Amino acid sequence: MPNQLKSSLIISALSALYLHSSAQHVNIYHKDWIDFNKNGKKDIYEDPKQKIASRVEDLLRQMTVQEKANQTVTLYGYGRVLKDEQPTAAWDKEIWKHGLANIDEMLNSLAYNKSAKSSFSYPFSRHAQALNNVQKWFVENTRLGIPVDFTNEGIHGLNHDRATSLPAPINIGSTWNTSLVRKAGDIIGREAKYLGYTNIYTPILDVSRDPRWGRVVETYGEDPFHIAEMGKQVVLGIQQNGVASTLKHYAVYSVPKGGRDGNARTDPHVGFREMHSLHLYPFKRVIKEAKPLGVMSSYNDYDGVPVSASSYFLQDLLRKEYGFEGYVVSDSEALEFIYNKHHVAANYKDAIKQALEAGLNVRTNFDPPSTYLTPLMELIEEGGLDIKILDQRVREVLTVKFKLGLFDHPLREDIAIADKMVHTPADEEVSLQMNKESIVLLKNEQNLLPIDVNKYKRILVTGPMAEATNYTTSRYGPSNNPITTIKDGIINYGKTKALRVDYAKGVDVVDKNWPESEIIPTDLSGEELEKMAEGVRLGKESDLIIAVMGESEREVGESRSRSDLNLPGKQRDYLMKLKETGKPIVLVLVNGRPLTINWENKYLPAIVESWFLSNQSGNVLAEMLFGGYSPSGKLPISFPKSVGQVEMNFPTKPAAQAGQPGVGPNGWGNSRVVGFLYPFGYGLSYTDFSFSNLQLAKKQIRPTDSLTVTVDIENIGKRKGAEVVQLYIKDVLSSVTTYEMDLRGFEKVELNPGEKKTLQFTILPAHLELLDQHNNWTVEPGKFELFIGNSSVNLPLKDSFEVVN
């Protein structure tokens, strides 16, 4: 049976489910409006020609208190909380007969959750029709017909069965390619639209400053400017499809004390000025410049006040200063934490009161909506919550729904086209390119890479991550796409070049005593020695060893923080034994955070950081290792040498990461390892580039002026490649301590051998501002130094300019 006919039959069958529902009402669907309240006349909120504000107020006037309350709660979709894949007659007795704010992850066949697997997730048109059916129920079977907002995750591709898979956010950050990131955002938004989703929880704008933290892999890195530039493009890409983008996690969530995660998602030790300059900077920039329609409030407190109960964060900053015009949804259970973790609320009702008064719009948790709605209604009936507060929270939710067009076109009409618009060959090419550009070459002694197939005819692939698959997927991304392991990718490539490729696992990711073995080393067991011996034997017989080491999805990710940053388990022990073979070793890292690979960096000739690539990882890595393309990724986060140095970041305050005096009146301070293992912005290539002709349009500007900067970059090597030109600025003298330098511009450019290009950057007043002693953002007069290069420590070009009144 042709796929198109099969899809049509499926859609017809699904539509038939609703014949009984439609028959209950007179026709409410008219040529240019929908009679949502079924009163036979066109109310203001039903009239597409009316202003959104007027439509919202008209609807709000008609709503009961219960209907208003229901617009402040999430229902988790099928397999999480909801038991039904499609509406049933029993829904008429459920609490959502009064409506809902949103339904999250409905019928997406959530990865690694068997209870959420659904036959409605694929084909894509089947899912679109299934969500149409759910939406149709809310339009036709609730009194006022208020549509729901269908939310979903999307941090590395839409969290849906067989959607286009992108590499992890830390990979996306490593591309430093804003135009490519914009395309990725467009893919996420377009796939969401055609599948029926209306609001996507991405991007993550958390600033990673502690690599022990488990969710580093879900962030773009450690620098606020870089994160803002990436996040902005994701929002613009998603929202150009008429789908909302919801930023997370607001705010100061990514630096819990000690890098702890899981049950310890609290207690960031961050100063006020640091909070604004680092952790709030991406949110401020992206909200002002891209206008996202959603923000997710975080679990943690700041200086003793839970963010989800803070009017300072949710209103003073978010709405008044940043100009946010969307709605705020809580991270799951963040509202409950006000009461049961932070203990600043006397009971659950008090927590609800605090959150709604502070500015939280929608509560989300993994339990039925009634567990929240029942105490909320009691709170209102008791007079504990001013109805005006509830009205305002609902007003903000409804405004987003009107902006998304849910009251004009609540149902998708072009259902069948979803099969042609989701995960297209062109989308797969964008994903492929993003994977390629995210790989960072950390070391390449004597140009061991790319591998010379004429010299190295027999290759051993070894290590615990060579056959791994699950890291390519995650709880927050696409699932069920075919996966090529790194081992298979190299074997398949080797066949095209008449290479012999052997494989031995050699060692597990972790040992049986892990994570205790990170603090109490244990001897190698007989079983471990036996596994390693097989790899060593094959290594001796090979010309080259490719060791694929790192972390799996069980050692990094949400609720997976670490105490140490070395390769986990006995992986280093195995590498030491492989080194004794005398054969050259290429270390391929598969991991989600910086690792303290000091021994590996000193003794191994080539190291490749691949992070968590997506399902194409094996083919992408094999092509790079054998020279199919030149690596162009740059580190979006610094690598410390030791956990004892943490936090070890860029940007940093003057001398904060300096050494200790070896002589002098302050003693003999030769007691500490200093310096980065690999610095922010670092990454090697198979070719070389030169920078020249730095030109500033002016040497003096006013605080309100912009400044144009141009620079030439040339490929002086023998291979085609891409370089990231990075611009940094230093405020020489300021009224408050600022960072040693700040990233304030970057551009990725691809050049053929001998090719030269002139790049132009614009320095804006906002790039020079600081938060002064009176907590005002201002551009202070004085000298600024400007640096250009290809990492935060390799900046060959320098100039300066002056800001004058």
Side-chain angles (χ1 to χ4, degrees), residues 174 439-463 465-466 486 490 493 499 506 535-536 539-540 542-550 566-567 571-591 594-611 621-635 638-641 673 675-690 715-724 789-794 796:
S174 298
I439 296 173
V440 185
L441 181 58
L442 297 178
K443 185 179 180 183
N444 194 19
E445 203 171 76
Q446 297 181 347
N447 294 319
L448 177 59
L449 295 176
I451 297 168
D452 185 346
V453 296
N454 296 313
K455 183 176 181 181
Y456 303 106
K457 290 291 188 179
R458 183 172 178 181
I459 294 172
L460 170 66
V461 176
T462 189
M465 296 306 294
I486 293 173
I490 295 172
Y493 188 92
L499 303 178
V536 170
K540 289 177 179 178
S542 301
D543 302 317
L544 176 78
I545 299 170
I546 300 175
V548 189
M549 307 287 192
N566 289 328
L567 284 171
Q571 294 184 64
R572 181 179 294 172
D573 296 85
Y574 181 46
L575 282 171
M576 288 178 172
K577 291 183 179 298
L578 290 174
K579 184 180 181 298
E580 291 175 359
T581 66
K583 302 301 172 67
I585 300 173
V586 178
L587 173 62
V588 174
L589 292 171
V590 177
N591 53 297
L595 298 176
T596 51
I597 50 168
N598 298 285
W599 182 91
E600 296 83 350
N601 180 66
K602 184 171 182 178
Y603 292 110
L604 304 183
I607 303 176
V608 175
E609 176 59 87
S610 72
W611 303 113
L621 261 169
E623 190 178 351
M624 175 262 172
L625 292 172
F626 290 97
Y629 63 92
S630 179
S632 63
K634 300 286 184 178
L635 292 181
S638 308
F639 278 49
K641 293 178 179 177
V673 173
F676 293 107
L677 181 58
Y678 308 112
F680 174 78
Y682 170 81
L684 303 176
S685 172
Y686 290 161
T687 188
D688 295 301
F689 300 89
S690 68
N715 183 342
I716 58 174
K718 298 179 181 180
R719 296 175 59 102
K720 182 179 181 180
E723 181 63 289
V724 179
N790 63 0
S791 82
S792 59
V793 298
N794 184 36

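Values below: every heavy atom of this structure, side chains too, minus hydrogens, waters and symmetry copies. Computed from a prediction, not measured in an experiment: that's the story for all the values here.
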Apply the test side-chain contact (heavy atoms from CB on, under 4.5 Å) to residues Ile459 and Phe626: give CA-CA distance (whole Å), side-chain angles for both, the deciding distance (0.1 Å), then the verdict. CA-CA 12 Å; Ile459 294 172; Phe626 290 97; 3.7 Å; yes
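- Looking at Glu600 and Lys579, no side-chain N of the basic residue comes within less than 4.0 Å of a carboxylate O on the acidic one, giving no salt bridge.
- A donor-acceptor pair shorter than 3.5 Å can be found between the side chains of Asn591 and Glu609.
- In this structure, Asn447 contributes its side chain and Leu449 its backbone to no donor-acceptor pair below 3.5 Å.
- Under a 4.0 Å N-O distance rule, the pair Glu445/Lys443 qualifies as a salt bridge.
- You'll find the side chain of Met624 reaches within 4.5 Å of the side chain of Leu441, heavy atoms only.
- Residues passing the side-chain contact (heavy atoms from CB on, under 4.5 Å) test with Ser630 are Ser685, Tyr686, sequence neighbours excluded.
- Residues passing the side-chain contact (heavy atoms from CB on, under 4.5 Å) test with Pro796, sequence neighbours excluded: Phe691, Asn794.
- Between Tyr678 and Tyr682, the two ring planes are parallel [angle under 30°; tilted spans 30° to 60°].
- In this structure Ala622 satisfies the side-chain contact (heavy atoms from CB on, under 4.5 Å) test together with Ile490, Tyr493, sequence neighbours excluded.
- Of all heavy-atom pairs between Ser610 and Val588, the closest is OG-CG1, 4.2 Å.
- Pairing each heavy atom of Met549 with each of Tyr574, the nearest pair is CE-CD2, 3.4 Å.
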Begin with the C-alpha distance, continue with both residues' side-chain angles, and end with the deciding distance and a verdict on side-chain contact (heavy atoms from CB on, under 4.5 Å) for Ile597 and Leu604. CA-CA 10 Å; Ile597 50 168; Leu604 304 183; over 6 Å; no
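- A donor-acceptor contact shorter than 3.5 Å links the side chain of Thr596 to the backbone of Asn566.
- The backbone N or O of Asn598 sits nowhere less than 3.5 Å from a side-chain atom of Lys641 that would complete a donor-acceptor pair.
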